[in-house]
Amino acid sequence: MSTKKILITGGAGFIGSHVVKLFLNKYSNYEIYNLDKLTYAGNLENLKEIEANPNYHFIKGDIVDANFINGLFEEYNFDGVLHLAAESHVDRSITDPLAFVMTNVIGTVNLLNAAKNNWVNSEGKKFYHISTDEVYGALGETGLFTEETSYDPHSPYSASKASSDHFVRAYADTYKLPVVISNCSNNYGSHQFPEKLIPLCINNIKHNKALPIYGNGKYTRDWLWVEDHARAIDLVFHDGVLGETYNIGGFNEWQNIDLVKTLCRLMDRKLNRPAGTNEKLISFVKDRPGHDLRYAIDASKIQKELGFEPSLNFEKGLEITVDWYLENESWLENVTSGNYQNYYQEQYLEKR
Ligand code: NAD
Ligand code: DAU
């Protein structure tokens, strides 16, 4: 088997760290280059298990720096790129949209330019953009997002991801860059920064703090275990057809309020608290501006064409996730100390 040099951006983040670990454990002929700026969301502790692997290389750097990115492509002549680096939190995008334009749009275009300039013979190469279902906007009570659904982003985060998807497709059409895109629903699992709904609630329940539910709590998300997303990314990278888009989801819709109540009951048991204790922490707060009502993915294309199936049901995945956070107290403490800014608390904890 020939050796391949694979660039993974954002590999110190939540999903990226699972992808780096999967690839290193599965493909002994891959040299993995993890390029990450280590923002508040990037954490090398996520990669402890594999940092001594001789096929793993960490590069600290910013995708917004075009010269630096071009230099990396010149130096390493990567065979493939999995691009996950991004500003990923919707609430932060409402506070600071420009940071999302810089990393998600400019950063992506810098990577596309570097690939275009350096992949003179692009035979066997692949540029894979890992994107989100939020580009499709909001669904009503029924229906699913398919790969044909028109883009209709509402938050600065989703507008930046939609824009980067458009640039990826434009580079395929204009410069024949070999690209593939996937759009995934909400991920949950270990190592997710505790600003996102599930780890935020786990952390708050542990500390007996209020569980902020935006608006009436009837907003709906489609949840997928992060390790299943990593498996889907592996399939798309290796078997996905160039120029195609694949939606990834778990056929697993939950209204936020039902999800949080389920988590409360699970954690009553885990923390030996009387039934009903944690639900008392639920606090309905001011809604997120531009809040999308419902996301739900039609994942039948990746199911039929690449054979993807989620491996876990949600209750099991949630239990594994809660156990991980309870067993990794120091990880939680490390990421919530230091320069961590509690945007959600400043912005959204106003009672309704
Ligand atoms: P995350 O915020 O946990 O991690 C992002 C990583 O990117 C961090 O390690 C951070 O340090 C790095 N990064 C940020 N700006 C950078 C820059 N300018 N240069 C280099 N590195 C930089 O994000 P995540 O939840 O793991 O999401 C990863 C990708 O998957 C994103 O592109 C996101 O849009 C997409 N996605 C996320 C979800 C989800 O539910 N979390 C769902 C679908 C798609
Ligand atoms: O759909 C995929 C997207 O899922 C990814 O592209 C994003 O990177 C990821 O952050 C996630 O976005 P959401 O906005 O859906 O995730 P979040 O965990 O922030 O919120 C989930 C739902 O819970 C949403 O309806 C808002 C609500 N919420 C969130 C927080 C943080 C609350 O009610 N209270 C909260 O404190």
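Order of listing sets the numbers, starting from 1, for every ligand and every atom in it. Note that these values count all heavy atoms, side chains included, but never hydrogens, waters or copies made by symmetry.
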Are any of the N or O atoms of [X] closer than 3.5 Å to those of ligand 2?
X	value
Leu197	yes
Tyr219	no
Asp91	no
Val90	no
Glu195	no
Ser88	yes
Asn186	yes

Could you label the plane-to-plane angle of the [X] and [Y] rings as parallel, tilted or perpendicular, counting under 30° as parallel and over 60° as perpendicular?
X	Y	result
Trp331	Tyr325	perpendicular
His191	Trp324	tilted
Tyr295	Phe145	tilted
His18	Phe14	perpendicular
Phe237	Tyr128	parallel
Trp223	Tyr188	perpendicular

Relative to the heavy atoms of [X], which atoms of ligand 2 are at a distance of less than 4.0 Å?
X	value
Tyr295	1 (O)
Tyr157	5 (C), 6 (O), 7 (C), 8 (O)
Ile213	33 (O)
Thr132	1 (O), 2 (C), 3 (C), 5 (C), 6 (O)
Pro212	32 (C), 33 (O), 34 (N), 35 (C), 36 (O)
Asn256	22 (C), 23 (O), 24 (C), 25 (O), 27 (C)

Practice task
Among Ile181, Ile63, Ile130, Leu7, find the residue that satisfies the side-chain contact (heavy atoms from CB on, under 4.5 Å) test when tested with His83.
Solution key: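 Answer after filtering Ile181, Ile63, Ile130, Leu7: Ile63.
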Practice task
Apply the side-chain contact (heavy atoms from CB on, under 4.5 Å) test between His229 and each candidate in Leu224, Asn186, Val19; give the one that qualifies.
Solution key: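 Between His229 and the candidates, side-chain contact (heavy atoms from CB on, under 4.5 Å) is satisfied uniquely by Leu224.
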Heavy atom under 4.0 Å from ligand 2: found in [X]'s side chain, backbone, both, or neither?
X	result
Lys196	both
Asp133	side chain
Ser185	backbone

Check ion pair [X]-[Y] (N to O, under 4.0 angstrom):
X	Y	value
Arg294	Glu141	no
Asp79	Lys5	no
Lys26	Asp234	yes

Completion exercise
Closest non-hydrogen contact found for Leu177 with Trp119 is CD1-CE3, 4.2 Å
Practice task
Flag the pair Arg265 / Glu279 as yes when at least one side-chain heavy-atom distance between them is below 4.5 Å, and no otherwise.
Solution key: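 Contact flag for Arg265/Glu279 side chains = yes.
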Exercise for the section: Check whether any side-chain heavy atom of Leu326 sits under 4.5 Å from a side-chain heavy atom of Met267, and report yes or no. Expected result: yes
Between ligand 1 and the protein, give all atom pairs where both partners are nitrogen or oxygen and the distance is under 3.5 Å, as lines of names plus distance to 0.1 Å.
from	atom 1	to	atom 2	distance (Å)
ligand 1	2 (O)	Ser88	OG	2.7
ligand 1	3 (O)	Phe14	N	3.0
ligand 1	9 (O)	Gly13	N	3.0
ligand 1	9 (O)	Asp36	OD1	3.2
ligand 1	9 (O)	Asp36	OD2	2.6
ligand 1	11 (O)	Asp36	OD1	2.5
ligand 1	11 (O)	Leu38	N	3.4
ligand 1	11 (O)	Thr39	N	3.0
ligand 1	11 (O)	Thr39	OG1	3.1
ligand 1	18 (N)	Asp62	OD1	2.8
ligand 1	18 (N)	Thr103	OG1	3.0
ligand 1	19 (N)	Ile63	N	3.1
ligand 1	21 (N)	Lys37	N	3.1
ligand 1	23 (O)	Ser88	OG	3.3
ligand 1	26 (O)	Phe14	N	3.4
ligand 1	26 (O)	Ile15	N	2.8
ligand 1	32 (O)	Leu84	O	3.0
ligand 1	32 (O)	Lys161	NZ	2.6
ligand 1	34 (O)	Tyr157	OH	2.6
ligand 1	34 (O)	Lys161	NZ	3.1
ligand 1	40 (O)	Asn187	N	2.9

Exercise for the section: Have a look at Arg294, His291, Arg288, His89 and point out the one with the heavy atom closest to atom 14 (O) of ligand 2. Expected result: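 Nearest heavy atom to atom 14 (O) of ligand 2 lies in Arg288.
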